[in-house]
Every structure is written in C-alpha cells, then in structure tokens.
Amino acid sequence: MELINSSISDLVSHGYVSHIDNDLMLFDDFTDIPIPTGPSRTNDIIVGLCLQGVSQYTSNTISHIVHANDAIIIPDGQVVDDYKPRIGSTGIGLIMSREFFYGAVSDIHKQSSLILFSRSHPVFSLTADESRNMVSYFRLIKEKVDDSSNHFRKDVARHLIAAMICELGCAIDRIYSGYDKKQTRAEMIFTEFIRLVEENYKQERRVSWYGEQMCITPKYLSETVKQVSKRTPNDWIDNYVVTELRVQLKNTTKSIKEIAHDMNFPNQSFLGKYFKEHVGMSPLSYRKS
C-alpha cells in the first residue's frame with residue numbers, strides 16, 4: 001500500500017472553516033478529522049483531547065488506546081494508521097504546521113523536555129481540571145480563529161496556543177514526578193543541544209560548533225539528534241533562526257541590514273537568500289505581507 005503524506009493544505013481543500021492559512025486548523029470533534037484509511041505520514045503536529053468514549057490508532061506501527069481525558073500529541077513525521085474512533089467517542093483537536101507550532105513554543109522553558117515527552121508518551125492522561133482547562137483554551141482559540149475580521153487573529157491564536165502548551169507542560173511535570181525515569185545518553189545529548197541552540201542561535205549556525213561545545217563529533221551529534229527528535233541539528237537551528245527573523249521583521253522597525261547584523265549574517269544579501277530559501281519570499285515581501 002502506498003504511503004500517503006497528509007497536511008493541513010489537503011484538509012483546507014475539503015472546505016473546513018476553522019483554520020488560518022495552512023498553519024492552523026481546529027476540530028470541535030476529532031472524529032471529523034478525515035484521516036486517510038491507509039497509512040499516512042503527518043507533515044504537521046496534531047494535539048487532541050478525548051472527551052468521552054474510546055478510540056485507537058497506530059503511530060509508527062505502535063498501537064495506542066485513547067480514553068476520556070487522555071491528551072494526544074502526534075509529532076510531525078509520524079506514520080499514522082488504523083484510526084478507529086468507537087461509537088460515542090468525542091474529542092477536540094488542533095492541527096498545526098511545524099513552523100507555526102515551533103514558533104509558538106520557541107520561548108517556552110524546557111522545550112526539549114516537551115518534545116522528548118511527546119515522542120515517548122503520545123497519549124497521556126489529564127486530571128479532570130486539566131482537561132477542563134484544555135477545553136477552555138480550545139474554545140477561546142477557536143473563537144479567535146473564526147473571527148476573520150480580527151487582523152491579529154493569527155498572533156492571538158499563537159499566544160493562546162503557547163499558553164495551552166504551558167498548561168500541558170504542567171501536566172507533563174506532574175506525570176514525570178510520579179516516576180523516576182533517567183534520561184538515556186541520547187536524550188541527554190538532545191536536551192543539551194537544544195539548550196545550546198536556544199542560547200546561541202543568533203550567533204552560531206554551524207553543527208560543528210555545537211559539537212565542539214559538547215565534546216562530541218558533528219556526525220555523532222547529528223545521528224543522535226535525528227534519532228531522538230526525527231529532525232537534524234540543522235533543522236532545529238534553522239527553525240530557531242527563521243522564527244526569530246519572522247518576529248523581528250513583523251514586530252520591530254529595524255532595517256533588514258540591522259537584523260542581518262543582529263543575527264550574525266555576513267550581509268543583508270546573505271540574509272535575504274537564507275530567508276527566501278526557508279520561507280519562500282524575500283524579507284521585504286514578508287514584512288509587507
């Protein structure tokens with residue numbers, strides 16, 4: 001059977017209303033999400049909450065059972081199959097592009113822990129209060145997304161999602177405190193790598209530099225980061241850099257030359273080529289859009 005790649009843009013073409021561009025889509029009932037009947041690789045991040053009933057699905061061939069008050073996080077790049085919501089199952093769901101999601105969580109403390117947890121615990125139980133908080137955030141986010149007259153709705157939605165993810169982070173801390181789990185060597189390397197990137201991405205974009213700081217070879221760093229996160233070190237570095245460039249272009253009055261200097265690019269032209277390669281338009285066009 002052929003493996004299908006699924007994304008928000010595919011769903012937008014079906015006419016779903018609650019969405020912003022190809023970056024964010026919300027479902028009042030996750031049983032309405034038209035997941036392909038065969039195996040499909042997700043290009044986006046899915047966050048859901050089961051409100052009642054039981055459902056099941058497989059992610060990278062591992063079967064997961066979902067009950068009421070269970071949160072679901074399906075990272076990008078996962079192969080999802082055998083999705084079977086049982087009769088009476090209901091829940092809410094958000095689908096976010098990688099760019100939108102990582103832009104929302106870029107300033108969240110312990111981001112690496114959140115990423116690691118979602119990879120190893122795609123389904124986890126919330127308390128009744130935590131579940132109610134998630135529903136409240138979802139309703140507010142959906143209200144803002146559906147208000148097409150609000151020219152700032154994308155920024156508002158991004159900040160609300162960041163707050164919702166922080167609430168999930170509290171639940172994850174609670175779950176972690178319930179058992180003693182030591183990080184593997186690979187997880188420790190990934191956590192340290194993300195910490196270094198968060199502190200140095202404005203000045204350093206070389207994988208070799210990060211390897212030197214961690215006293216490991218760039219090859220070993222690359223293999224380890226990809227093993228843990230399914231993304232390369234360059235992907236992570238570029239994500240932080242592009243997110244910062246977007247923020248500065250949209251939310252400051254700095255000239256592109258000043259931004260290039262702040263972000264340690266050799267010159268304005270080099271920044272322009274880098275930005276267009278990753279975003280698909282020039283910095284000036286993005287600022288005006």
Side-chain angles (χ1 to χ4, degrees), residues 3-12 14 16 18-19 22-51 53-86 89-105 108 111-126 130-131 134-135 137-138 141-142 161-162 164-165 167-169 171-172 175 190 226-231 235-236 239:
L3 183 64
I4 302 170
N5 286 292
S6 63
S7 63
I8 293 177
S9 58
D10 299 324
L11 302 180
V12 170
H14 284 75
Y16 289 94
S18 294
H19 74 276
N22 291 326
D23 285 319
L24 174 64
M25 182 168 285
L26 292 91
F27 291 86
D28 283 307
D29 191 338
F30 61 39
T31 60
D32 291 336
I33 301 176
I35 296 177
T37 55
S40 63
R41 188 183 301 278
T42 58
N43 293 324
D44 307 302
I45 291 89
I46 301 173
V47 177
L49 174 66
C50 181
L51 299 178
V54 179
S55 299
Q56 68 182 68
Y57 71 97
T58 64
S59 178
N60 287 354
T61 73
I62 299 174
S63 180
H64 302 286
I65 306 297
V66 185
H67 299 87
N69 291 331
D70 280 352
I72 309 155
I73 300 179
I74 304 178
D76 54 299
Q78 302 287 292
V79 176
V80 178
D81 197 7
D82 296 326
Y83 174 54
K84 297 173 183 175
R86 298 180 188 174
S89 297
T90 61
I92 53 177
L94 302 89
I95 305 179
M96 295 167 278
S97 68
R98 288 188 300 177
E99 181 181 272
F100 184 87
F101 175 78
Y102 287 110
V105 303
I108 293 178
Q111 182 189 148
S112 57
S113 297
L114 174 67
I115 296 162
L116 283 171
F117 187 87
S118 68
R119 296 284 181 185
S120 57
H121 298 76
V123 177
F124 54 99
S125 296
L126 302 182
E130 289 167 346
S131 183
M134 286 288 291
V135 172
Y137 276 111
F138 177 87
I141 293 166
K142 188 174 185 301
I161 287 171
M164 183 186 72
I165 296 298
E167 293 283 359
L168 276 179
I172 288 170
I175 294 167
F190 174 68
K226 190 167 185 179
Q227 172 198 333
V228 173
S229 71
K230 313 305 179 190
R231 303 176 74 190
D235 287 338
W236 284 108
N239 177 78

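The figures that follow rest on heavy atoms only: side chains count, while hydrogens, waters and symmetry mates do not.
Once rounded to the nearest 0.5 Å, the distance linking NZ of Lys226 with CH2 of Trp236 reads 13.5 Å. Expressed to the nearest 0.5 Å, how far CE of Met96 lies from NE2 of His19 amounts to 16.0 Å. Once rounded to the nearest 0.5 Å, the distance linking CG of Leu94 with CE of Met164 reads 5.0 Å. For the atom pair OG1 (Thr58) and CG (Asp81), the distance works out to 4.5 Å, reported to the nearest 0.5 Å.
Partners of His64 according to the side-chain contact (heavy atoms from CB on, under 4.5 Å) rule, which considers only residues two or more places apart in sequence or in another chain, are Tyr57, Ser59, Ile62, Pro122, Val123. Residues satisfying the side-chain contact (heavy atoms from CB on, under 4.5 Å) criterion with Gln227, sequence neighbours excluded, are Ala186.
Residues Leu51 and Ala68 share a closest heavy-atom pair of O-CB, 3.6 Å. Nearest heavy atoms, Val66 versus Cys50: CG1-CB, 3.6 Å. In plain terms, the two heavy atoms of Ile161 and Leu24 that are nearest each other are CD1-CD1, 3.8 Å. The two residues Asn43 and Arg98 have their closest heavy-atom pair at O-CG, 3.7 Å. The nearest pair of heavy atoms linking Asn69 to Leu49 is C-CD1, 4.0 Å. Across Arg231 and Asn239, no two heavy atoms sit closer than the pair NH2-CB, 4.1 Å.
Residues Asp44 and Ser97 bring no donor and acceptor atom of their side chains to less than 3.5 Å of each other.
In this structure the side chain of Asp28 reaches within 4.5 angstrom of the side chain of Phe138, judged on heavy atoms.
Side chain of Ser131 to main chain of Leu126: no donor-acceptor pair is present (N/O by atom type, distance under 3.5 Å, no hydrogens or angles).
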Verify side-chain contact (heavy atoms from CB on, under 4.5 Å) between Leu168 and Met134, making sure each step is shown before the conclusion. CA-CA 8 Å; Leu168 276 179; Met134 286 288 291; 3.8 Å; yes
Evaluate Ile73 against Phe124 for side-chain contact (heavy atoms from CB on, under 4.5 Å), listing each step before the verdict. CA-CA 9 Å; Ile73 300 179; Phe124 54 99; 3.9 Å; yes
What verdict does the side-chain contact (heavy atoms from CB on, under 4.5 Å) test give for Val54 and Ile65, after you've listed the backbone C-alpha separation in whole Å, the side-chain angles of each residue and the deciding distance to 0.1 Å? CA-CA 7 Å; Val54 179; Ile65 306 297; 3.7 Å; yes
